Number of protein chains: 2
Amino acid sequence: MCSEPTIKRLSVYHKYLKEVEASGQEFISCTKIAKNLHLLPIQVRKDLSITDIVGKPRVGYHIKDLRDSLDRFLSFGKGVKACLIGAGNLGYSLLRYKGFDEYGLDIKFVFDNNPDKIDTYIDGHQVLDIKNMAEHLSKTEIDVGVLTVPRVYAQTLANKLVECGVKALWNFAPIRLLIPQNVVVKHENIAGSFLVLASRIKQIR
Amino acid sequence: MCSEPTIKRLSVYHKYLKEVEASGQEFISCTKIAKNLHLLPIQVRKDLSITDIVGKPRVGYHIKDLRDSLDRFLSFGKGVKACLIGAGNLGYSLLRYKGFDEYGLDIKFVFDNNPDKIDTYIDGHQVLDIKNMAEHLSKTEIDVGVLTVPRVYAQTLANKLVECGVKALWNFAPIRLLIPQNVVVKHENIAGSFLVLASRIKQIR
DNA sequence: CACTAATCGATATTTTTTTATCTATTTAAA
DNA sequence: TTTAAATAGATAAAAAAATATCGATTAGTG
Ligand SMILES: NC(=O)c1ccc[n+]([C@@H]2O[C@H](COP(=O)([O-])OP(=O)(O)OC[C@H]3O[C@@H](n4cnc5c(N)ncnc54)[C@H](O)[C@@H]3O)[C@@H](O)[C@H]2O)c1
Ligand SMILES: NC(=O)c1ccc[n+]([C@@H]2O[C@H](COP(=O)([O-])OP(=O)(O)OC[C@H]3O[C@@H](n4cnc5c(N)ncnc54)[C@H](O)[C@@H]3O)[C@@H](O)[C@H]2O)c1
């Protein structure tokens, strides 16, 4: 289909185009997009070639058409049903984040094992007892399990989620999960990202 | 030096080795590391070759030596001085995250523009008025600006941080910042990551 | 109306990252 | 002591991603 870096950039173009669209412009070129997003025009052009939109030489792309096309292309997030495990700092933050709505992420359940958290509400989501997870997931089919629990519990909970039939895991704990081939896993390693940044700072000195 | 994916994986090996070390084992092979982390042995071996540790055939690496070496290698995070802008959901979460301490990230200042937040404390960090940012940063040299503000403010604040002399930006807003060449930028696109995951779910169906 | 400069889109090249192959070494068992 | 199996490490190949090249097209200009 298209590469991971490309999908991420497409989501950035999408937001950018909405901004430009709002300003009333009708056409925009790769050159301009690239300049404003600190990228190379060739890369933008290549990324955008996954859409069905053809640009006009000398003018660029029709902004509304392009944005529409990206809307359609990025619609694979629509109606993805998720449950989040671990209503801690990060879980709380993700639950309150409005940006996912735009892509259609639908968080159906939130689970935790801390009695102080169970039955509280976070942004309209009731925190449920992890003990009842299997029961809830047997009644409502869930696509993605979002793991925002401490590292040591991540693998065990991942196994349980897989048993419950989730198709994918979105894991924020700094561990690589051991998971059957047919289950999709996306690891988010924020602390690792910090190290990448730190190493780059060291390099330039 | 070494690639971005490699640094991220090294941070994962590091945590994993500490775990195995605690269990009392003395040696470990690439094969075993790979099996437990769902990776290929060749990749693990290649990643670990950046360390000065040589493995013994048939046995693998001396765990303590390897962990020590990774400690040293991953030390480029040590003493990195940062300020965080935007004490909202995500900022709060990052401030309370203990995992960065291990890598030596030192968040010196937290800024926000919301009067309700200014002068409150988050995990021991006083939230300061963004108006006084330049003043604070002129007194204490800061390496990294962490941006956890809404998208629309990110570029403006990035510019201010650069004026104040930060060497790097760690940006969590879904926008690509326009920044001088000599400033390092690391973009974290969590919503984009969700799209990557969603697209992979679509593919396997 | 012709000319110029900008930009698209297809194709090609380069670079980066991952994966494979092969040889030498070492340990543990025969 | 010999032999077989496992694995490191060097080198090579493949795959993925980024970047470059170039002809075709078109809006604007003289
Ligand atoms: N907070 C961050 O900014 C941040 C950054 C990078 C990585 N992470 C990672 O994200 C994960 C969560 O971090 P956090 O800061 O939100 O931690 P946290 O301690 O604030 O939250 C963890 C939550 O998980 C719950 N939990 C623990 N065990 C559970 C179980 N068995 N079943 C159900 N719920 C359980 C806890 O009750 C708690 O609410 C960690 O793995 C951390 O390494 C967090
Ligand atoms: N929360 C998440 O899980 C999440 C996920 C993905 C991306 N993000 C991105 O991270 C950023 C922050 O998200 P959030 O959910 O924490 O938002 P938020 O609204 O909770 O927090 C933003 C904070 O920034 C402060 N702020 C706004 N303008 C400011 C200014 N000019 N100077 C100083 N402070 C200012 C606000 O007062 C607020 O405290 C956004 O760009 C968002 O897109 C967040």
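Every chain is numbered from 1 and lettered A, B, ... according to where its sequence line falls, protein lines coming before strand lines. Worth knowing before you read on, the calculation uses all heavy atoms, side chains too, and leaves out hydrogens, waters and symmetry mates. Just so we're clear, the structure is a prediction, and the values are computed from it rather than from any experiment.
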Under 3.5 Å, which donor-acceptor pairs link side chains of residues 133-140 of chain B to any protein atom two or more places apart or in another chain?
{"from": "E135(B)", "atom 1": "OE2", "to": "K139(B)", "atom 2": "NZ", "distance (Å)": "3.3"}
{"from": "H136(B)", "atom 1": "ND1", "to": "N132(B)", "atom 2": "O", "distance (Å)": "3.1"}
{"from": "S138(B)", "atom 1": "OG", "to": "E135(B)", "atom 2": "O", "distance (Å)": "2.6"}

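- At a cut-off of 3.5 Å, with distance as the only test, no side-chain donor of E163(B) or N159(B) sits close to an acceptor on the other residue.
- Listed by first then second residue, pairs satisfying salt bridge (Lys or Arg N to Asp or Glu O under 4.0 Å) with a partner in residues 27-55 of chain B read R9(B)-D47(B), D52(B)-R72(B), not counting sequence neighbours.
- The residues K18(A) and E102(A) are annotated as salt-bridged, a charged nitrogen and a carboxylate oxygen being separated by less than 4.0 angstrom.
- Straight-line distance from the CD1 atom of I33(A) to the C1' atom of dC8(C): 12 Å, rounded to whole Å.
- Classification of the F194(B)-W170(A) ring pair by plane angle, with boundaries at 30° and 60°, yields tilted.
- A ring-centre distance under 6.0 Å is found for F100(B) and Y97(B).
- Contact annotation: R45(B) reaches the phosphate of dA8(D) (side-chain N/O to OP1 or OP2, under 4.0 Å).
- Residues that satisfy the salt bridge (Lys or Arg N to Asp or Glu O under 4.0 Å) test with D68(A), not counting sequence neighbours, are K64(A).
- With rounding to whole Å, E26(A) atom CD is found 14 Å from dA27(D) atom C1'.
- dA27(D) atom P lies 9 Å from atom CZ of F27(A), rounded to whole Å.
- Taken residue by residue, residues 49-73 of chain B places heavy atoms nearer than 4.0 Å to DNA chain D at V54(B), G55(B), K56(B), P57(B), R58(B), G60(B), Y61(B).
- The distance from the CD1 atom of I85(A) to the CG atom of L147(A) is 5.5 Å, given to the nearest 0.5 Å.
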Please write out each protein N/O paired with an N/O of nucleotides 17-20 of chain D under 3.5 Å, distance rounded to 0.1 Å.
{"from": "dA18(D)", "atom 1": "OP1", "to": "R9(A)", "atom 2": "NH1", "distance (Å)": "3.3"}
{"from": "dA18(D)", "atom 1": "OP2", "to": "R9(A)", "atom 2": "NH2", "distance (Å)": "3.0"}
{"from": "dT19(D)", "atom 1": "O4", "to": "K46(A)", "atom 2": "NZ", "distance (Å)": "3.2"}

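- Atom CD1 in I7(B) sits roughly 14 Å away from atom C1' in dT16(C) (whole-Å rounding).
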Inset, instruction - Let me see the working for Y92(A) and N89(B) under side-chain hydrogen bond (donor to acceptor under 3.5 Å, both in side chains), right down to the final yes or no. - result: CA-CA 8 Å; Y92(A) 182 89; N89(B) 295 311; 5.1 Å; no
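- With respect to the salt-bridge test (charged N to carboxylate O, under 4.0 angstrom), the residues K98(B) and D123(B) qualify.
- Taking every heavy atom of residues 178-193 of chain A and every atom of DNA chain D, no pair lies under 4.0 Å.
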